[in-house]
Q: 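One structure coming up, written as structure tokens, with questions to follow.
All values derive from a computational prediction rather than experimental measurement.
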Amino acid sequence: MFIQPWDAAFSTAEWREWLATTDRFGTLVVNNTDPSRAPVAVPTHFTMSSDEALVLHLARPNPIWSHLESAAEVRLSVIGDYAYVPTFWRAKNGAPEHEGVPTSYYAAVQFVCHPTIVDDPQEKADLLETQLADFQPEGRYSTVTPDNPPYGRMLSGIRGIRLDVLEVEAKFKFDDAKPVEFRTRISELLDQRSVGLDARAAAQQRRRVDVVRSRNPRHDE
């Protein structure tokens, strides 16, 4: 992922905190075993386990498995808080609004990982318990065990995946190279438009401004 210096995450904590606010839903991308064909891309929920690996599960009939078995590295991509910023918002002072350069705002994290397929029934049960605890912290689900209903008999229909993280690329593209006054105005316009994820994009932009201000009180000068 191309990341300009001003779009980079300030810290590991920044992307971790952002990820925790998302639905942990991304796209798992695996090289095709046939290099003349497009990579295999699978949309999926995932969970970051206590040992820093990403875990998920997919249906056994999914066509990804032969490709995954051959892969030394895969990529899991997550994107959110995106918004289109039109030409007439970004025109330079005094220039016609139709001469502005449009852009996209977004937050993105990509994980480069080493994959391991999980087929052991107990390990799959443990993986599902980890994901249920993540996505359903209020409980109200049965314990997952290989030999007991309701989930035990279903375990054969899925395979688990453990992704050991080798590298993390994090990007927060919210015009950080522009003056604070410019970004403040765009944030206000996003709030006024209030379509799709505009409010979240505006909040991200303001948060990034606040972080820089806290580190450099002369930033606005």
Side-chain angles (χ1 to χ4, degrees), residues 1-29 41-48 54 56 75-111 131-138 140 165 168-221:
M1 177 166 58
F2 176 62
I3 305 174
Q4 293 279 19
W6 50 84
D7 294 332
F10 294 130
S11 64
T12 298
E14 182 179 21
W15 67 257
R16 285 179 178 275
E17 290 169 6
W18 174 74
L19 192 67
T21 70
T22 73
D23 295 325
R24 273 86 69 207
F25 192 88
T27 302
L28 176 62
V29 183
V42 179
T44 180
H45 276 103
F46 66 93
T47 293
M48 180 167 280
L54 308 179
L56 58 124
R75 189 174 291 262
L76 193 145
S77 177
V78 186
I79 190 166
D81 298 351
Y82 50 81
Y84 173 74
V85 183
T87 58
F88 46 88
W89 286 5
R90 296 185 83 244
K92 294 181 180 178
N93 287 337
E97 63 178 20
H98 61 268
E99 292 184 1
V101 179
T103 195
S104 299
Y105 287 171
Y106 58 87
V109 177
Q110 294 189 6
F111 299 94
Q131 290 207 271
L132 283 166
D134 180 23
F135 292 111
Q136 207 170 310
E138 69 274 21
R140 302 177 68 179
V165 178
V168 180
E169 301 170 1
K171 181 175 182 177
F172 292 86
K173 184 174 180 287
F174 296 97
D175 261 336
D176 280 19
K178 298 289 187 182
V180 170
E181 181 181 0
F182 175 94
R183 284 177 280 164
T184 299
R185 181 174 61 84
I186 297 294
S187 297
E188 292 171 353
L189 290 168
L190 285 167
D191 281 338
Q192 291 170 19
R193 188 174 67 180
S194 191
V195 173
L197 297 176
D198 283 352
R200 288 184 63 95
Q204 287 288 355
Q205 190 169 49
R206 291 190 178 100
R207 180 189 59 78
R208 297 273 291 186
V209 168
D210 290 343
V211 170
V212 173
R213 278 177 170 160
S214 69
R215 296 181 176 184
N216 179 15
R218 298 176 62 87
H219 177 65
D220 295 357
E221 297 180 6

Q: Answer whether the closest heavy-atom distance between the side chains of R213 and V209 falls below 4.5 Å.
A: yes
Q: Any non-hydrogen side-chain atom of F10 less than 4.5 Å from a side-chain atom of V212?
A: yes
Q: Given the side-chain rings of H98 and F88, with only the six-membered ring counted for Trp, is the space between their centroids under 6.0 Å?
A: no
Q: Is a side-chain donor or acceptor of R200 paired with a backbone partner of D198 at a separation under 3.5 angstrom?
A: no
Q: Supply the atom-to-atom distance T184 OG1 to R206 CZ, rounded to the nearest 0.5 angstrom.
A: 8.0 Å
Q: Flag the pair D175 and R183 as a salt bridge only when some basic side-chain nitrogen lies within less than 4.0 angstrom of an acidic carboxylate oxygen.
A: no
Q: State, yes or no, whether a side-chain contact exists between L56 and T47 at a heavy-atom distance under 4.5 Å.
A: no
Q: Before accepting this row, confirm whether a basic side-chain N of the pair D7/K173 lies closer than 4.0 Å to the acidic partner's carboxylate O.
A: no
Q: Restricting to ring pair (Phe, Tyr, Trp, His ring centres under 6.0 Å), what partner residues turn up for W89, sequence neighbours left out?
A: none
Q: Under a 4.0 Å N-O cut-off, is there an ion pair linking E97 with K92?
A: no
Q: Using a cut-off of 6.0 Å, state whether more than 12 heavy atoms not belonging to Y82 lie near its atom OH.
A: no
Q: Measure across T27 and A41 and return the closest heavy-atom pair with its distance rounded to 0.1 Å.
A: CG2-CB, 3.8 Å
Q: Restricting to non-hydrogen atoms, name the atom on R208 and the atom on A9 that form the minimum distance, rounded to 0.1 Å.
A: NH1-CA, 4.0 Å
Q: What distance separates T87 OG1 from E99 CD, expressed to the nearest 0.5 Å?
A: 10.0 Å
Q: Evaluate side chain to side chain contact (heavy atoms under 4.5 Å, CB included) for I186 paired with Y105, printing each intermediate quantity in order.
A: CA-CA 11 Å; I186 297 294; Y105 287 171; 3.4 Å; yes
Q: Salt bridge check: are R207 and E14 linked by an N-O gap of less than 4.0 Å?
A: yes
Q: Report the C-alpha distance between L54 and V165 in whole Å, list the side-chain angles of each, state the deciding distance to 0.1 Å, and finish with yes or no for side chain to side chain contact (heavy atoms under 4.5 Å, CB included).
A: CA-CA 7 Å; L54 308 179; V165 178; 4.0 Å; yes
Q: I'd like to know whether CD of E181 has more than 12 heavy-atom contacts from other residues, nucleotides or ligands below 6.0 angstrom.
A: no
Q: So which heavy atom on P96 is nearest to which on A91, and how close?
A: O-CB, 3.7 Å
Q: Checking side-chain polar atoms at under 3.5 Å, does K171 have a donor or acceptor matched by the opposite partner on Y106?
A: yes
Q: Taking side-chain hydrogen bond (donor to acceptor under 3.5 Å, both in side chains) as the test, write out the residues that go with S187, two or more places apart.
A: Q205
Q: Return the minimal non-hydrogen interatomic distance between I3 and A170, and the atom names on each side.
A: CD1-O, 3.5 Å
Q: Quick one, Q136 with Q131, criterion side chain to side chain contact (heavy atoms under 4.5 Å, CB included). Give me CA distance, side-chain angles, the key distance, then yes/no.
A: CA-CA 8 Å; Q136 207 170 310; Q131 290 207 271; over 6 Å; no
Q: Can you find a pair of side-chain heavy atoms, one from T21 and one from E17, that are under 4.5 Å apart?
A: no
Q: Within the structure provided, determine whether L76 and V29 are in side-chain contact (heavy-atom separation under 4.5 Å).
A: no
Q: Looking at CZ of R90 and CZ of F182, how far apart are the two atoms once the value is rounded to the nearest 0.5 Å?
A: 4.5 Å
Q: In the structure I gave you, are the side-chain heavy atoms of D176 and F174 within less than 4.5 Å of one another anywhere?
A: yes
Q: Would you say E169's side chain and Q110's backbone share a donor-acceptor pair under 3.5 angstrom?
A: no
Q: Within the 4.5 Å heavy-atom criterion, are Y84 and T103 side-chain neighbours or not?
A: no
Q: Verify whether the ring centers belonging to W15 and F111 lie closer than 6.0 Å.
A: yes
Q: Measuring only between side-chain heavy atoms, which start at C-beta, is F46 closer than 4.5 Å to V78?
A: yes
